[in-house]
Amino acid sequence: VVHVEPENNLNPQHAEGGEEAETGQEIVNPESYIKHPLQNKWSLWFFKNDKTKTWQANLCLISTFDTVEDFWALYNHIQLSSNLISGCDYSLFKDGIEPMWEDERNKRGGRWLITLSKQQRRQDLDRFWLETLLCLVGETFDDYSDEVCGAVVNIRSKGDKIAIWTADFDNREAITHIGRVYKERLGIPMKMTIGYQSHSDTSTKSGSTTKNKFVV
C-alpha cells in the first residue's frame, strides 16, 4: 500500500495566515516509487537435464512477475543463457501456462523456431533471448499478442534453439504477423527464413526435422 501525504493546503489550520505548512518537505515524484505494470503476469521456468529425475521433476519455477522493474531485477539476477550447461532450458510463459506441449493452452499451438549455430552462442544467443523476452513482456505483436503463450531457449551442444510458442496453429494471420515482427526485432536478414512448426507435428516426428507449416 502506498501512503500518499495529503496536500498541505487541505489542512485549514495551516492555510490561514499563509504559513508554510510543513517546512522543507520534499514532494516525491510518484514515478520514483510506483512500479510499471505489465499487461500480463509472467513466469520464468528453468529446466535442468538430470537423467535420474522425471522430466516434470527437472522443471522448476524460478519466479513470477508483473512489473517492468521486477522483470529486470529477475533478469539481472540469473545466469545468462550462454553460461548454462548443455541440456538446460529457460522458459518464459504467461502465468498459468506450463512450458510443455501438453498444457491446454499450448497443445493446439506451435512455435516460431530460431536454430543457432555453435558460433552464435558467443555472438547472438544472449542478445536474441533478451530481445525475445522483451517482445513478450512488451506485448510487441500488436493485436496478436494474446496468441503468444511463451518462449523457450534450449542450450544444446549441437546448437542452441530459441522459440516463441503460440496458441493456435491454424491462426495463419496471427502467426505470420508474429513471425514477421519477431524476425525484424532479432535483426534477421530478409533473405534468411525462419519456420513455424505445430507442436503436434514436432511431437510425432519420426525424422530429425519437422516440416514447417509457415515460413517468413
Side-chain angles (χ1 to χ4, degrees), residues 1-3 26 28-50 53 55-100 103 105-106 111-142 145-157 159-166 178 181-188 194:
V1 177
V2 178
H3 179 66
E26 211 177 308
V28 179
N29 176 0
E31 278 287 301
S32 61
Y33 59 78
I34 296 173
K35 288 184 178 181
H36 298 78
L38 297 169
Q39 210 164 310
N40 279 289
K41 188 185 242 188
W42 297 89
S43 296
L44 184 72
W45 302 76
F46 177 66
F47 178 87
K48 186 176 181 187
N49 193 14
D50 179 344
K53 294 182 184 169
W55 193 90
Q56 303 270 114
N58 278 324
L59 184 68
C60 72
L61 177 61
I62 300 176
S63 184
T64 298
F65 59 88
D66 59 5
T67 69
V68 174
E69 289 77 5
D70 291 337
F71 164 74
W72 284 114
L74 174 61
Y75 180 79
N76 291 325
H77 180 69
I78 59 173
Q79 281 283 358
L80 288 170
S81 303
S82 58
N83 292 336
L84 297 178
I85 59 170
S86 190
C88 291
D89 304 338
Y90 278 134
S91 303
L92 183 76
F93 276 72
K94 284 175 180 163
D95 188 40
I97 306 178
E98 294 199 322
M100 54 186 76
D103 189 286
R105 296 276 302 277
N106 292 328
R111 61 181 181 165
W112 278 112
L113 182 63
I114 311 288
T115 308
L116 303 177
S117 67
K118 289 179 182 178
Q119 294 75 29
Q120 283 180 286
R121 181 175 297 179
R122 221 178 37 250
Q123 299 159 0
D124 297 323
L125 176 67
D126 295 326
R127 182 171 59 85
F128 278 11
W129 177 238
L130 176 57
E131 196 58 55
T132 304
L133 297 176
L134 295 175
C135 282
L136 265 59
V137 300
E139 310 288 334
T140 301
F141 305 110
D142 310 308
S145 288
D146 285 350
E147 275 289 306
V148 171
C149 299
V152 183
V153 58
N154 310 119
I155 306 307
R156 301 292 183 267
S157 51
D160 306 320
K161 293 188 287 200
I162 298 176
I164 286 187
W165 288 27
T166 72
I178 290 165
V181 172
Y182 186 39
K183 187 177 167 181
E184 193 180 308
R185 283 286 295 260
L186 293 185
I188 293 171
I194 60 171

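Scanning for side chain to side chain donor-acceptor pair (under 3.5 Å) contacts around Asn76 gives an empty result, with sequence neighbours left out.
Arg156 places a side-chain N or O within 3.5 Å of a backbone atom of Cys88 that can act as its donor or acceptor partner. Arg185 places no side-chain N or O within donor-acceptor distance of the main-chain N or O of Thr140, the cut-off being under 3.5 Å. For the pair Lys94 (side chain) and Val148 (backbone), a donor-acceptor distance under 3.5 Å is present. Ser86 contributes a side-chain N or O that, together with a main-chain N or O of Ser157, makes up a donor-acceptor pair within less than 3.5 Å. Side-chain N or O atoms of Glu69 include one that pairs as donor or acceptor with a backbone N or O of His36 at under 3.5 Å. Under a 3.5 Å cut-off, the side chain of Asp95 and the backbone N or O of Trp42 do not form any donor-acceptor pair.
Between Phe65 and Phe71, the ring planes lie tilted relative to each other; the angle falls in the 30° to 60° range. A tilted orientation is assigned to the rings of Tyr90 and Phe46, their planes being inclined by 30° to 60°.
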In sequence, state the C-alpha distance, the side-chain angles, and the governing distance for Cys149 and Phe93, and then conclude on side chain to side chain contact (heavy atoms under 4.5 Å, CB included).
-> CA-CA 6 Å; Cys149 299; Phe93 276 72; 4.1 Å; yes
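Taking a 6.0 Å sphere around CD of Glu184, one finds it holds 12 or fewer heavy atoms contributed by other residues, nucleotides or ligands. Summarising the local packing, CD of Gln123 is surrounded by more than 12 heavy atoms from other residues, nucleotides or ligands at distances under 6.0 Å.
Of the options Asn40, Ile164, Leu38, a side-chain contact (heavy atoms from CB on, under 4.5 Å) to Leu136 is made by Ile164 and by none of the others.
Under 3.5 Å, the side chains of Asn154 and Asp89 contain a donor-acceptor pair of N or O atoms.
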